[in-house]
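Because the structure is a prediction, the values reported are computed rather than measured.
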Amino acid sequence: MEQASSNRRIAKNTLFLYIRMLFVMAVTLYTSRLVLDALGIEDYGLYNVVGGIVSIFAIINGALSSGSSRFITFELGRGDKERLGKTFSASFLIHTAIALIVFVLAETIGLWYVNNVLVVPEGRLVVANWLYQFSVLTCMLSLTQVPYSACIIAHEEMNIYAFVGIAEAVFKLLMVLFLTTIDSFDRLLFYGAMICGWQISLQFFYRFYCKRKFEECRLRIVNEKHYYKSMLRFSLWDVMGTICITGYAQGINLMINFFFGVVVNAARGIALQVEMAVSQFSNNFMVAVGPQITKLFSLGETEKMMSLVRGSSKYSFLMFCTISLPLFLKIDYVLGLWLKEVPEYSAIFIRCLMLCNMVRAFARPVVLAVHASGNIKWLNLYAGGASILLNLPLSYTAYILGFPPYACYVVCFFVNILCNYLELIVLRRQIPFSIGRYTRMVYMRSLVIVAISMVCMLGVSNITSSYPFFSLVTVCCTSVVTMAVCTYYIGMNKEDRSKIVHYIKSKICK
């Protein structure tokens with residue numbers, strides 16, 4: 001009964017997040033078109049690259065976010081309210097200290113980079129500085145927001161994320177519609193200020209909600225040093241992994257800016273918008289699954305946890321492929337519908353990003369399981385070290401040798417495959433399991449399903465190619481149907497199929 005209740009909770013939270021995702025994705029894609037049209041390619045590229053600089057200084061926050069989420073969820077799973085409250089307060093104090101450090105770094109090294117190194121279109125340096133300050137302010141408040149967000153996820157209150165996400169999408173749409181009507185002052189400056197104002201308001205709302213809803217979110221003085229030490233020790237090892245993620249993303253952004261200019265940055269910005277929207281299909285599922293993985297480990301139920309890891313790895317990948325494969329085939333047509341002016345390299349960037357993210361969709365549950373164990377040293381030394389030592393140097397070498405902008409994604413694809421298996425090796429050191437069996441049950445079955453679906457989609461695409469819009473719709477429908485059927489017969493075992501049949505019969509016979 002307890003496992004059934006957990007599964008229902010995962011399904012319910014996933015549904016909330018999918019409703020949010022579908023609405024937000026539709027509005028975001030339309031809004032991005034309006035923003036690009038209103039700002040122009042150069043200003044759009046400038047906005048993306050300036051905001052990215054601040055996130056470099058927030059890499060420590062990424063590690064601490066993971067640590068805070070793990071420890072808060074772990075204590076909630078154990079049911080110790082006193083330790084839970086102290087863990088939250090210690091986490092808040094740590095994030096506040098980090099926010100002050102980031103402020104100092106951003107207003108010294110970061111500000112110097114914006115004014116002396118960044119490639120900025122002529123006459124836009126003042127605006128770039130304003131955008132930078134907006135980003136610094138938002139970043140500092142986001143740092144202290146992390147413990148509150150961790151509490152919402154730990155309590156699995158995903159409905160609040162759904163409601164806020166929909167409100168945010170509506171606000172951005174209305175703001176951009178207004179943006180297209182103004183000519184009396186700088187549109188890019190107005191856009192940056194409004195996004196900053198919204199983010200600040202959103203963070204204060206989350207804090208108000210958490211303080212009213214969760215008892216542990218009332219701040220208290222924590223004198224016991226072990227609360228700080230355990231989180232910092234965990235987070236210090238996670239810093240390397242966070243450096244890899246943020247350092248790679250923003251390092252590539254700055255390399256593209258250096259070698260190719262802001263126009264190609266704009267193409268990367270468009271690609272990241274599409275990738276972010278599509279990734280929500282698997283990411284939302286993982287947000288719902290993550291707390292269950294940590295809670296199962298905190299209760300010592302490692303067999304159930306590994307079963308959940310295998311299943312969520314497989315379904316995370318298949319969910320991502322269901323939406324990304326049709327876009328992979330039809331992205332040129334979709335970009336033509338979406339944007340009035342398509343930046344060069346947008347289509348190839350999007351295809352490459354999708355391939356890279358398909359590989360990493362397998363790995364997210366494995367990484368969550370390692371984090372649940374609390375022993376993340378080797379995860380970051382092996383997978384994190386391989387990523388940072390290979391991705392950026394090889395990409396830089398490719399650009400020096402004259403390869404095109406998308407060369408960085410080719411490097412990333414193969415490095416991601418290596419990292420996936422390094423992460424499995426690390427998890428096996430914590431919890432004994434067969435990597436060969438995992439590969440057969442997760443990787444091989446999933447790839448067979450995708451291969452069959454891809455063949456069907458290619459056939460439908462070729463048959464309907466004379467009618468572009470109809471072809472897009474039929475390819476999307478083919479993806480959903482073939483992935484669902486193949487997952488049922490190939491991806492699921494007999495027990496899973498029996499549960500689905502029983503559930504459907506119970507609903508029909510009501």
Practice item. Hey, could you give me the CD1/CE distance between Ile101 and Met140, rounded to the nearest 0.5 Å? Key: 11.0 Å
Exercise for review: Identify the two heavy atoms, one from Val415 and one from Asn391, that lie closest to each other, and give their separation to 0.1 Å.
Suggested key: CG1-ND2, 3.7 Å
Exercise for review: Could you list the residues that satisfy salt bridge (Lys or Arg N to Asp or Glu O under 4.0 Å) with Arg360, not counting sequence neighbours?
Suggested key: Glu423
**Study point:** Derivation and outcome, side-chain contact (heavy atoms from CB on, under 4.5 Å), residues Arg445 and Thr487
**Key:** CA-CA 9 Å; Arg445 288 192 181 192; Thr487 299; over 6 Å; no
Identify all side-chain donor-acceptor contacts of residues 209-222 below 3.5 Å with residues at least two apart in sequence or on another chain.
unit_1, atom_1, unit_2, atom_2, d
Glu216, OE2, His155, NE2, 2.5

Practice item. List the atom of Val442, the atom of Ser313, and the distance in Å for their closest heavy-atom pair. Key: CG1-CB, 3.9 Å
Review point. Ring pair (Phe, Tyr, Trp, His ring centres under 6.0 Å) with Phe74: which residues, sequence neighbours excluded?
Key: none
Review point. What heavy-atom pair brings Pro147 and Ile72 nearest, and what distance separates the two atoms?
Key: O-CD1, 3.9 Å
Study note, to complete from the structure: Rounded to the nearest 0.5 angstrom, the CD1-CD1 distance for Ile350 and Ile331 is 4.0 Å
Review point. Donor-acceptor pair, Lys86 side chain versus Tyr227 backbone, under 3.5 Å?
Key: no
Exercise for review: Any chance you could measure Met306, atom CE, to Leu296, atom CG, to the nearest 0.5 Å?
Suggested key: 12.0 Å
Exercise for review: Only counting residues at least two apart or in another chain, list the ones meeting side chain to side chain contact (heavy atoms under 4.5 Å, CB included) with Cys196.
Suggested key: Phe134, Leu137, Thr138, Ile200
Practice item. Indicate yes or no for a side-chain donor-acceptor contact from Ser135 to the backbone of Leu131 under 3.5 Å, with no hydrogens or angles considered. Key: yes
**Study point:** Contacts of type ring pair (Phe, Tyr, Trp, His ring centres under 6.0 Å), residue Phe362, not counting sequence neighbours
**Key:** Phe317, Tyr443
Study note, to complete from the structure: In short, Pro365 meets Val309 closest at the heavy-atom pair CB-O, 3.8 Å
Check your understanding: Should Leu111 and Gln133 count as side-chain neighbours, where that means a heavy-atom distance under 4.5 Å?
Key -> yes
Check your understanding: What is the minimum heavy-atom distance between Ser446 and Lys314, and which atoms define it?
Key -> OG-CG, 3.4 Å
Exercise for review: For residues Val426 and Leu422, determine if any side-chain heavy atom of one lies less than 4.5 Å from a side-chain heavy atom of the other.
Suggested key: no
Review point. Would you say the side-chain atoms of Asn416 pair up with the backbone N or O of Asn357, donor to acceptor, closer than 3.5 Å?
Key: no
Review point. From Phe190 CZ over to Ile195 CD1, what is the distance, rounded to the nearest 0.5 angstrom?
Key: 10.0 Å
Review point. Any side-chain heavy atom of Leu179 within less than 4.5 Å of one from Met194?
Key: no
Point to revise | Thr144 (side chain) donor-acceptor with His95 (main chain) under 3.5 angstrom | key: no
Check your understanding: Out of curiosity, Cys412 SG to Leu355 CG, how far, rounded to the nearest 0.5 Å?
Key -> 10.5 Å
Practice item. Taking the side chain as every heavy atom from C-beta outward, state whether Ile435 and Tyr421 have any pair of such atoms under 4.5 Å apart. Key: yes
Check your understanding: Looking at Phe204, Phe88, Phe205, which hits ring-ring contact (aromatic ring centres under 6.0 Å, His included) with Tyr148?
Key -> Phe88
**Study point:** Any residue meeting side chain to side chain donor-acceptor pair (under 3.5 Å) with Ser149, in chain and number order, not counting sequence neighbours
**Key:** Gln145
Point to revise | Check: Asp186 and Trp130 side chains under 4.5 Å, non-hydrogen atoms | key: no
Study note, to complete from the structure: Sorted by chain and number, sequence neighbours left out, side chain to side chain contact (heavy atoms under 4.5 Å, CB included) with Glu303 holds for none
Review point. Which pair of non-hydrogen atoms, one from Phe320 and one from Ala361, has the smallest distance, and what is that distance?
Key: CB-CB, 4.4 Å
Study note, to complete from the structure: Residue set satisfying salt bridge (Lys or Arg N to Asp or Glu O under 4.0 Å) with Lys172, at least two apart, ordered chain then number -> Glu168
Review point. Any donor-acceptor pair under 3.5 Å linking the side chain of Tyr132 with the backbone of Ala106?
Key: yes
Practice item. Show your working on side-chain contact (heavy atoms from CB on, under 4.5 Å) between Leu427 and Val367 and close with a plain yes or no. Key: CA-CA 8 Å; Leu427 181 59; Val367 173; over 6 Å; no
Check your understanding: Under a 4.5 Å cut-off applied to non-hydrogen side-chain atoms, are Leu325 and Met358 in contact?
Key -> yes
Exercise for review: Answer whether the closest heavy-atom distance between the side chains of Ile293 and Phe297 falls below 4.5 Å.
Suggested key: no
Check your understanding: Residues two or more places apart in sequence or in another chain: which of them pass ring pair (Phe, Tyr, Trp, His ring centres under 6.0 Å) with Phe433?
Key -> none
Point to revise | Residues that Arg83 engages under salt bridge (Lys or Arg N to Asp or Glu O under 4.0 Å), provided they are two or more places apart | key: Glu75
Practice item. State, with a plain yes or no, whether a side-chain heavy atom of Leu141 is found less than 4.5 Å away from one of Gln199. Key: no
Practice item. State which residues pass salt bridge (Lys or Arg N to Asp or Glu O under 4.0 Å) with Arg187; sequence neighbours excluded, sorted by chain then number. Key: Asp183
Revision key, fill the gap. For Phe171, the ring pair (Phe, Tyr, Trp, His ring centres under 6.0 Å) test, sequence neighbours excluded, returns Trp198
Review point. What do the steps show when you test Thr294 against Leu368 for side-chain contact (heavy atoms from CB on, under 4.5 Å), and what is the final call?
Key: CA-CA 8 Å; Thr294 303; Leu368 284 173; 6.0 Å; no
Review point. Do other residues, nucleotides or ligands put more than 12 heavy atoms under 6.0 Å from Phe208 CZ?
Key: no
**Study point:** Given Met305, Lys304, Arg310, the one that forms side chain to side chain contact (heavy atoms under 4.5 Å, CB included) with Ser307
**Key:** Arg310
**Study point:** From Leu93 atom CG to Ile98 atom CD1, the distance as rounded to the nearest 0.5 Å
**Key:** 10.5 Å
